[in-house]
Number of protein chains: 2
Amino acid sequence: MSHFGSGTEYGLHCLILLAQAPGAIISSRDLAELQGVSVYFLAKIFPRLEKAGIVTASEGIRGGYTLARPADEITVLDVVEAIEGRKPLFECQEIRGRCAVFGGQPPAWATAGVCGIHAVMIRAERILHDELARTTLSGLADGVGRKAPPGFETDVQAWLADRFESRAQAQIAAVKKPRPRRQNET
Amino acid sequence: MSHFGSGTEYGLHCLILLAQAPGAIISSRDLAELQGVSVYFLAKIFPRLEKAGIVTASEGIRGGYTLARPADEITVLDVVEAIEGRKPLFECQEIRGRCAVFGGQPPAWATAGVCGIHAVMIRAERILHDELARTTLSGLADGVGRKAPPGFETDVQAWLADRFESRAQAQIAAVKKPRPRRQNET
DNA sequence: TATAACACAGAGTATATTGCTCTGCGTTAT
DNA sequence: ATAACGCAGAGCAATATACTCTGTGTTATA
């Protein structure tokens with residue numbers, strides 16, 4: 001297993017798509033089906049991004065998500081912390097005060113300040129966070145844009161727009177087929 | 001929960017003690033009881049440190065562990081990787097190739113090279129590792145030495161030496177009390 | 001040579017997390 | 001009225017964490 005879960009991966013991919021379509025409202029279902037990941041799982045991730053102020057939600061049919069602020073103001077660290085939660089690199093249990101030679105009453109010098117091991121971990125964690133905060137969603141989106149041929153991004157937007165538009169037609173189709181619910185292919 | 005488990009914390013504390021007593025053989029039981037942590041749990045951690053070449057084990061009564069190389073040649077990263085295993089920061093599942101507009105056959109450009117998100121994570125991971133590799137066991141031990149009053153380290157060594165010496169006497173004591181096994185206080 | 005403590009291997013256990021599935025509720029555009 | 005939406009939360013199998021305990025073989029000492 002890795003330190004960051006797949007939720008973070010899915011979330012970042014979705015947010016890049018939102019960054020490429022500024023202002024567009026895209027549902028978690030469409031984002032999931034576009035990328036071939038679980039609709040249900042993605043639907044659990046987005047509320048966290050909303051609570052963190054990264055996306056804004058709109059309800060009802062034709063509802064969905066949009067970036068809450070410009071893509072260059074959302075860092076990878078913001079997304080990781082929103083989805084994974086703020087779990088620290090290291091949780092100091094203050095072993096130093098338990099030393100048997102203290103006999104249960106550790107002297108002041110033993111528990112003063114930050115434990116040496118903990119200090120190393122705090123430093124490493126800050127460096128990791130700084131690095132993750134260096135890349136923004138617009139930076140990631142630019143990277144994708146540079147690799148893809150000119151037509152690709154348009155195709156993706158067309159795919160999403162088609163889904164969005166078909167919300168109205170779904171109602172008409174429902175007259176013929178009672179339950180036209182899509183199945184997920186995961 | 002934190003990214004690094006308590007095994008890493010216990011391990012580092014034990015290795016600092018071994019670094020402070022170069023050449024001494026200390027059993028996992030003594031290390032555990034000196035620090036008030038689980039004897040059994042520590043006994044599961046040390047074989048990993050041995051497999052990683054950080055400590056060497058000696059068997060039998062009066063057996064135990066010593067550092068396998070000088071304390072300034074063992075980094076915090078070495079210890080973390082030995083105990084936690086080499087789990088990556090991020091495990092790329094190649095979401096980019098699953099895009100629905102590709103219809104199951106992603107073009108070469110889409111899957112060429114490293115995924116942009118993965119690239120950010122690889123960079124962050126290397127920076128984290130570099131930072132953890134910057135501190136050695138001797139560096140940590142020096143930090144403890146600077147904080148503690150002059151007599152402390154001697155007291156600890158005396159506590160451990162006393163345990164080590166008493167291995168022989170334990171057999172004499174066993175004649176009077178049939179089962180003089182120590183209980184752990186965790 | 002019996003013994004006690006050791007390293008080491010591995011089974012077992014309680015609890016938590018991960019990744020995912022599914023149901024139900026209130027909201028919204030048609 | 002309907003269908004799809006966000007959102008909250010229950011459930012669930014698989015895995016991980018932090019221990020706990022047992023058993024095997026090794027070694028120094030009385």
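Below, each value reflects all heavy atoms present in this structure, side chains not excepted, and no hydrogens, waters or symmetry copies. Every value quoted in this text rests on a predicted model; they were computed, and no experiment measured them.
Between B/Arg163 and B/Glu33 a salt bridge is recorded (basic side-chain N to carboxylate O distance below 4.0 Å).
Nearest-nucleotide positions on DNA chain C for A/Phe41 and A/Gly60 put A/Phe41 closer to the 5' end. Each of B/Phe46 and A/Lys87 was assigned the nucleotide of DNA chain C with the nearest heavy atom; the assignment lying further toward the 5' end belongs to B/Phe46.
Take A/Glu94 and apply the salt bridge (Lys or Arg N to Asp or Glu O under 4.0 Å) test, not counting sequence neighbours, and it matches A/Arg96.
Proximity of a side-chain donor or acceptor of A/Gln93 to a complementary backbone N or O of B/Ser6 within less than 3.5 Å is not detected. Of the possible donor and acceptor atoms, one in the side chain of B/Ser27 sits under 3.5 Å from a partner among the backbone N and O of B/Asp30.
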Pairs under 3.5 angstrom, nitrogen or oxygen only, protein versus nucleotides 9-12 of chain D, please.
unit_1, atom_1, unit_2, atom_2, d
D/dA10, N6, A/Lys44, NZ, 2.8

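Closest to the side chain of A/Tyr65, out of C/dC20, D/dG6, C/dA7, is D/dG6. Among the nucleotides D/dA8, C/dA29, D/dT27, the one closest to the side chain of A/Pro47 is D/dA8. Candidate nucleotides C/dA7, C/dG26, C/dC8 were compared by shortest atom distance to the side chain of B/Glu50, and C/dC8 ranks first. Among the nucleotides C/dT28, D/dC19, C/dA4, the one closest to any side-chain atom of B/Ile61 is C/dA4. Checking D/dG6, D/dT27, C/dT21 against the side-chain heavy atoms of A/Ala57 singles out D/dG6 as nearest.
Under the salt bridge (Lys or Arg N to Asp or Glu O under 4.0 Å) criterion, the residue pairs touching residues 65-75 of chain A are A/Arg69-A/Asp78, with sequence neighbours excluded. The salt bridge (Lys or Arg N to Asp or Glu O under 4.0 Å) contacts involving residues 38-53 of chain A comprise nothing, where partners must be two or more places apart or lie in separate chains. Sorted by first then second residue, the ring-ring contact (aromatic ring centres under 6.0 Å, His included) pairs that include residues 50-78 of chain A, not counting sequence neighbours, are A/Phe46-A/Tyr65.
Remark: P of D/dT27 and CZ of B/Phe164 are 15 Å apart, rounded to the nearest angstrom. Distance CD1 (A/Ile45) to C1' (C/dT18): 11 Å, rounded to an integer number of Å. The separation between A/His3 atom NE2 and D/dA16 atom P is 13 Å, rounded to whole Å. Atoms CG (B/Leu42) and C1' (D/dA18) sit 12 Å apart, rounded to a whole Å. Distance, B/Phe4 CZ to D/dT17 P: 12 Å, rounded to whole Å. Distance, B/Gln93 CD to C/dT18 C1': 12 Å, rounded to whole Å. Rounded to an integer number of Å, the gap from CD of A/Glu59 to P of D/dC7 is 6 Å. Between the CZ atom of A/Arg48 and the P atom of D/dA8 there is a distance of 12 Å, rounded to whole Å.
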For side-chain contact (heavy atoms from CB on, under 4.5 Å), just list the numbers for B/Glu125 and B/Phe90, CA-CA rounded to whole Å, side-chain angles, deciding distance to a tenth of an Å, and then say yes or no. CA-CA 9 Å; B/Glu125 186 177 51; B/Phe90 184 82; over 6 Å; no
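Side-chain N/O atoms of B/Lys51 include one lying less than 4.0 angstrom from OP1 or OP2 on C/dA9. OP1 or OP2 of D/dC5 lies within a sub-4.0 Å distance of a side-chain N or O belonging to A/Ser27. At the phosphate of D/dC5, neither OP1 nor OP2 sits under 4.0 Å from any side-chain N or O atom of A/Ser58. The side chain of B/Arg62 places an N or O atom within less than 4.0 Å of a non-bridging phosphate oxygen (OP1 or OP2) of D/dT29. The shortest distance between the side-chain N/O atoms of A/Arg29 and the OP1/OP2 oxygens of D/dC5 is below 4.0 Å.
Remark: aromatic rings of B/Trp109 and B/Phe102 are close, center separation under 6.0 Å.
At a non-hydrogen distance threshold of 4.0 Å, B/Ser6, B/Tyr10 from residues 6-21 of chain B come into contact with DNA chain D.
Smallest separation of non-hydrogen atoms from A/Leu140 and B/Gly116: CD2-O, 3.8 Å.
Among the atoms of the strands shown, only primed sugar atoms or phosphate atoms (P, OP1, OP2) are found under 4.0 Å from some heavy atom of B/Gly63.
Put simply, the side chain of A/Arg146 reaches to within 4.5 Å of the side chain of A/Asp142, judged on heavy atoms.
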